[in-house]
Amino acid sequence: MYFHRMFDEVRRPNGDLDQVGDYKELMMTLDRIITQAPRFGGANNLVMGVPMYAVLAPFCNTPSGFNVFTNAKVNAQLHKIFDVWAEFLVSPESRYVLTTNEQCWFNPTAMDVMSQRLGTSFYDAWVCRDNSPDKHYGFTSWDDFFTRRFRPHMREVIDPDNPNLITAACEAHVHTLQSNVRAVDKFWIKGHSYSLSHMFNHDSFTPLFVGGTVYQGILSSLDYHHWHSPVNGVVRKTCLIPGTYYAARLDNDPDPDVVSRSQDFVTAIAARGLIFIESDNPVIGLMCFVAVGLGEVSTCEITVKEGDRLRKGDDLGSFHFGGSTHCLVFRPQTSLKPFPHVQPGKVLNVNSNIFYIENGTEN
């Protein structure tokens with residue numbers, strides 16, 4: 001019932017007939033997408049790299065669409081679709097978009113956009129196995145390109161032995177910094193923000209963070225998608241939490257990109273990964289990195305395990321296949337202070353210093 005109704009409820013500005021009209025057309029469109037790799041769509045394309053979301057976004061902001069995309073059975077079927085698509089995206093056949101052709105990732109426009117973001121050439125910024133775009137710069141698949149790594153000099157940790165500095169775990173735009181976060185809140189209502197019990201899936205560590213601080217940053221398809229440890233310490237627990245892919249907080253904004261406007265909302269319900277780290281600095285103590293997959297970007301790959309010792313900048317894992325978001329969560333006892341450049345909308349380089357601890361410990 002809801003699946004049919006969402007097609008009637010979707011906004012169609014100016015009688016737009018380009019949108020998918022019914023569920024049969026939707027199924028055919030998704031079937032076509034899973035045989036293709038994401039193309040470069042332009043510098044200001046918010047849904048670049050997530051073509052399924054580009055199709056489904058108008059339906060996400062409808063009452064019936066909300067019921068569809070929060071349904072566990074629907075999400076289980078979407079997961080099966082993503083698994084099939086992932087097989088293609090990790091295959092050599094997906095490299096056809098890694099060329100200099102129009103709408104491909106190595107054409108002059110795309111290379112210029114990626115170079116401008118980093119202030120250096122693509123080849124100088126990223127680890128490439130070959131220096132020729134004709135050989136895909138050595139990338140073996142679309143996913144291999146998507147999860148590319150910076151060259152070592154690009155994002156070095158500054159003052160790595162200072163225990164009172166906390167670094168950015170991801171290359172991301174600042175979304176928000178919120179303190180006094182509640183154990184349970186009405187996260188589905190705009191302005192109520194984070195609900196720790198939902199974010200942590202009712203983990204036994206949740207009470208330790210009530211009243212604490214949440215920092216959230218948003219990654220785009222053009223960004224670096226690996227996660228790095230923001231502190232020196234020991235991994236205390238990791239877990240992967242299944243969740244939704246396209247559920248969003250409903251609003252009246254005509255822009256169809258409703259999931260991007262639901263950043264805090266998705267931390268409570270989307271597929272996500274948790275990494276709890278006990279900092280060597282007792283003033284920081286236990287903290288948590290939260291990776292949240294958005295849309296078809298459902299794969300959160302954790303590469304550390306309980307008991308692993310970490311240095312700031314060490315690899316924690318990565319996202320696969322598109323844009324995503326993440327949080328750093330701290331206990332209320334952590335006297336966290338942001339550096340002045342930590343402002344909403346600002347891009348923070350991974351491994352850069354973003355917080356310091358007042359009255360912290362000595363080196």
Side-chain angles (χ1 to χ4, degrees), residues 155-172 177-184 194-217 226-241 267-268 272-292 300-319 325-339 342 348 350-363:
R155 296 293 186 265
E156 295 179 321
V157 178
I158 299 172
D159 202 4
D161 295 319
N162 187 333
N164 300 312
L165 296 176
I166 297 170
T167 56
C170 294
E171 188 104 350
L177 180 66
Q178 183 174 323
S179 57
N180 299 316
V181 179
R182 297 180 179 180
V184 177
Y194 303 100
S195 180
L196 286 174
S197 186
H198 293 92
M199 182 189 292
F200 289 166
N201 198 35
H202 314 291
D203 189 90
S204 60
F205 282 150
T206 302
L208 301 176
F209 293 90
V210 175
T213 300
V214 173
Y215 158 78
Q216 186 172 6
H226 289 267
W227 327 321
H228 292 260
S229 181
V231 296
N232 297 332
V234 177
V235 177
R236 293 303 181 202
K237 185 187 296 185
T238 70
C239 57
L240 291 172
I241 303 168
T267 65
R272 55 204 183 276
L274 309 180
I275 303 176
F276 291 94
I277 304 171
E278 184 84 36
S279 171
D280 291 342
N281 183 344
V283 180
I284 300 174
L286 190 68
M287 57 142 319
C288 187
F289 170 81
V290 184
V292 184
C300 298
E301 181 188 13
I302 296 175
T303 56
V304 294
K305 63 184 183 303
E306 184 177 342
D308 283 355
R309 171 152 286 282
L310 301 172
R311 296 276 297 168
K312 272 191 278 187
D314 282 354
D315 194 87
L316 298 176
S318 63
F319 292 113
T325 190
H326 78 291
C327 296
L328 298 179
V329 188
F330 300 91
R331 299 174 309 130
Q333 295 88 348
T334 304
S335 53
L336 198 68
K337 296 294 180 181
F339 282 98
V342 181
L348 301 182
V350 66
N351 293 333
S352 63
N353 294 322
I354 58 174
F355 300 115
Y356 64 94
I357 302 300
E358 281 192 328
N359 304 316
T361 63
E362 298 293 330
N363 287 356

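Quick note: numbers below take in every heavy atom, side chains included, and nothing from hydrogens, waters or symmetry partners. Here the structure is a predicted model, which is why all the values come from computation and not from measurement.
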All heavy atoms of T167 vs all of V157, minimum pair found to be CG2-CG1, 4.3 Å

Separation of R309 CZ from E278 CD (nearest 0.5 Å): 10.5 Å

Is the side chain of R272 donor-acceptor paired with the backbone N or O of M199 at a distance under 3.5 Å, no angle test? yes

Side chain to side chain contact (heavy atoms under 4.5 Å, CB included), paired with P230, selected from I277, I354, I284: I277

Any donor-acceptor pair under 3.5 Å linking the side chain of N164 with the backbone of Y356? no

Flag, side chain of T206 to backbone of S197, donor-acceptor distance under 3.5 Å: no

For the student: nearest non-hydrogen atoms of P332 and G211, plus distance: CB-O, 3.5 Å

If you look at every heavy atom in V342 and P338, which pair is closest and at what distance? CB-CB, 4.1 Å

Using side-chain heavy atoms (C-beta onward) and a distance below 4.5 Å, is L310 in contact with L316? yes

Show the numbers, then the answer: is there a side-chain contact (heavy atoms from CB on, under 4.5 Å) between H326 and W227? CA-CA 9 Å; H326 78 291; W227 327 321; over 6 Å; no

Quick check for you: to the nearest 0.5 Å, what is the distance between N232 atom CG and D161 atom CG? 7.0 Å

Pairwise side-chain contact, N201 with C239, heavy-atom cut-off 4.5 Å (strictly under): no

OH (Y215) and CZ (F330) are apart, to the nearest 0.5 Å, by 10.0 Å

Check the orientation of F200 and F276. Use parallel for under 30°, tilted for 30 to 60°, and perpendicular for over 60°. perpendicular

Going by heavy atoms in the side chains, are K312 and L165 under 4.5 Å from each other? yes

pair V214-L177: side-chain heavy atoms closer than 4.5 Å: no

Quick one: does K237's side chain have a donor or acceptor within less than 3.5 Å of a partner on D203's backbone? no

Rounded to the nearest 0.5 Å, what's the gap from CZ on R155 to CG on N351? Could you check? 9.0 Å

Taking side chain as C-beta onward, heavy atoms only, is I275 less than 4.5 Å from V304? yes

Is the backbone of C327 close enough, under 3.5 Å, to the side chain of Q216 for a donor and an acceptor to pair up by distance? no

Are side-chain heavy atoms of F355 and T334 found at a separation under 4.5 Å? no

I'd like to know if the side chain of S229 reaches the main chain of G313, judged simply by a donor and an acceptor atom lying under 3.5 Å from each other, with no hydrogens or angles considered. no

Quick one, H198 and V184 - any side-chain contact, counting heavy atoms below 4.5 Å? yes

Nearest 0.5 Å, please: how far is CZ in R331 from CZ in F205? 11.5 Å

If only atom types and distance count, is the side chain of N281 paired as donor or acceptor with the main-chain N or O of P163 below 3.5 Å? yes

How close do C300 and A291 get, counting heavy atoms only, and between which atoms? SG-O, 3.9 Å

Quick check on side chain to side chain contact (heavy atoms under 4.5 Å, CB included): which of L208, V231, T213, I166 does M287 satisfy it with? V231

What distance do S352 atom OG and E156 atom CD have between them, rounded to the nearest 0.5 Å? 13.0 Å

Is the shortest side-chain heavy-atom distance between F289 and L274 below 4.5 Å? no

Suppose the criterion is salt bridge (Lys or Arg N to Asp or Glu O under 4.0 Å): which pairs have a residue in residues 204-217, not counting sequence neighbours? none

Can you give me the closest heavy-atom contact between S335 and V283, atom names plus distance? OG-CG1, 4.1 Å

Show your reasoning for whether side-chain contact (heavy atoms from CB on, under 4.5 Å) applies to H226 and T303. CA-CA 10 Å; H226 289 267; T303 56; over 6 Å; no

